[in-house]
There are 2 protein chains.
Amino acid sequence: MDAQLKRGLLDVCVLAAIKNEDSYGYKIIKDLSEYIKLSESTLYTILKRLEGGGMLTVRSAEHFGRLRKYYHITKSGINRIEEFKSEWKEIISIYEFVTKEDNNE
Amino acid sequence: MDAQLKRGLLDVCVLAAIKNEDSYGYKIIKDLSEYIKLSESTLYTILKRLEGGGMLTVRSAEHFGRLRKYYHITKSGINRIEEFKSEWKEIISIYEFVTKEDNNE
DNA sequence: AATATATACTTCGTGATATGATGTATTATG
DNA sequence: CATAATACATCATATCACGAAGTATATATT
């Protein structure tokens, strides 16, 4: 997928990945990979940004001796997803504009 | 609209704006404003980038004493729009992932 | 036993890019 | 005669995705 197009979708994908149950970095990448690929560096950057923006909270947990950071969505994070749904109407109209065939030839 | 989301759509919107007939900066902004807002600095940056990528060609013309640069889409530019149409399927599946309600509560 | 792979998180540098601010110049409007 | 509209250009800035490289443990393979 086009890199620029991806940018607008990543944040919201990550939020969607933790929407129904808390998750952690590695799992988020796996869960999203079906829809959108992202590297670890990208993910952790996004998670930090979303945390800074109050969209999620973090909790560290020991899992078989390995550290895990579980991410939990907040009210703001859920609002962000709702915002995306609203924006979707605009995106659809843009799609229609871009793809409409004009018969003035 | 979310700034990041916009990024992925701008290039293709500009191409769509000159798809059916050559156009120039100011007119492109006006024509697109119904769907997506962009400043002059943004537009000219994009036009230069698209020109550099061979997506369009430029021709200067005098219009009532004022300079106008007319932009003409190339085969590559048209291909770029077609690419966007292909990517659309992925975007739809992402949208569905993000918005699907999960009943594990 | 040694090696490779999977899991898991972190930091750094780079390149791409949208945008506001600012500038130049002409024409139309009030 | 001043203001708005038309028209293009440049610069500095902030945001951001990503590859590369690093640290560390557990499991599978040879």
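Just so we're on the same page: letters track the sequence lines, and every chain starts at 1.
- Going from atom CG of L9(B) over to atom C1' of dA18(C) covers 13 Å, rounded to whole Å.
- Distances shorter than 4.0 Å separate some side-chain N or O of Y44(A) from OP1 or OP2 on dC9(C).
- Among the atoms of the strands shown, only primed sugar atoms or phosphate atoms (P, OP1, OP2) are found under 4.0 Å from some heavy atom of K30(B).
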_Please evaluate residues H72(A) and I18(A) with respect to the criterion side-chain contact (heavy atoms from CB on, under 4.5 Å), reporting the C-alpha separation (whole Å), side-chain torsions for both, the decisive distance (0.1 Å), and the verdict._
CA-CA 6 Å; H72(A) 177 77; I18(A) 62 168; 6.0 Å; no
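- Salt bridge D2(A)/R80(B): present, at least one basic N to carboxylate O contact under 4.0 Å.
- Here dA17(D) presents its P atom at 10 Å from CG of D2(B), a figure rounded to the nearest Å.
- A salt bridge is absent between K6(A) and D11(A); no separation between the charged side-chain nitrogens and carboxylate oxygens falls under 4.0 Å.
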Restricting to nitrogen or oxygen on both sides, can you table the protein-nucleotides 13-15 of chain C pairs closer than 3.5 Å?
none

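- Salt-bridge annotation for K48(B) and E51(B): absent, with no side-chain N of the basic residue lying under 4.0 Å from a carboxylate O of the acidic one.
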*Determine, step by step, whether M55(B) and N79(B) satisfy the side-chain contact (heavy atoms from CB on, under 4.5 Å) criterion, reporting the C-alpha distance in whole Å, the side-chain angles of both residues, the deciding distance to 0.1 Å, and the verdict.*
CA-CA 9 Å; M55(B) 307 282 181; N79(B) 287 344; over 6 Å; no
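- As a whole-Å value, the separation of L43(B) CG from dT17(C) C1' is 14 Å.
- Note on K89(B) versus E83(B): no salt bridge recorded, every NZ/NE/NH1/NH2 to OD/OE distance being 4.0 Å or above.
- Applying the 4.0 Å criterion to OP1 and OP2 of dC18(D), one finds that K37(A) has every side-chain N and O outside that range.
- Note: C13(B) SG to I36(B) CD1 = 4.5 Å, rounded to the nearest 0.5 Å.
- Taking CG from L15(A) and CD1 from I81(A), the interatomic distance works out to 5.0 Å, rounded to the nearest 0.5 Å.
- Whole-Å rounding puts the Q4(B) CD to dC18(D) C1' distance at 14 Å.
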Short heteroatom pairs, N/O only, protein and nucleotides 20-23 of chain C, under 3.5 Å:
| from | atom 1 | to | atom 2 | distance (Å) |
| --- | --- | --- | --- | --- |
| dG20(C) | N7 | S41(B) | OG | 2.9 |
| dG20(C) | O6 | S41(B) | OG | 3.1 |

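- In summary, the side chains of R59(B) and Y70(B) do not present any donor paired with an acceptor at a separation below 3.5 Å, with no hydrogens or angles considered.
- Atom P of nucleotide dC18(D) and atom CD1 of I36(A) are separated by 8 Å, given to the nearest angstrom.
- For T45(A) and R68(A), each mapped to the nucleotide of DNA chain C holding its nearest heavy atom, the one lying further toward the 5' end belongs to R68(A).
- In this structure, of dA8(C), dA17(D), dC8(D), it is dA8(C) that holds the atom nearest to the side chain of Y24(A).
- What separates CG of L47(A) from P of dC16(D) is a distance of 14 Å, to the nearest Å.
- Closest to the L10(B) side chain, of the nucleotides dC8(D), dA8(C), dT19(C), is dT19(C).
- Residue Y26(A) contributes atom OH, which lies 13 Å from atom P of dT5(C) at whole-angstrom precision.
- Close to dT11(C), at under 4.0 Å from its OP1 or OP2, lies a side-chain N or O of K48(A).
- The side chain of L38(B) lies closest to dT19(C) when the candidates are dT19(C), dA8(C), dA5(D).
- Residue K27(A) places no side-chain N or O under 4.0 Å from the OP1 or OP2 atom of dA8(C).
- Side-chain polar atoms of T45(A) and T42(A) form no donor-acceptor pair below 3.5 angstrom.
- Of the candidate nucleotides dT6(D), dA8(C), dT19(C), dT19(C) has the atom nearest to the side chain of K6(B).
- Between the P atom of dT15(D) and the CG atom of D11(A) lies a distance of 13 Å, rounded to the nearest Å.
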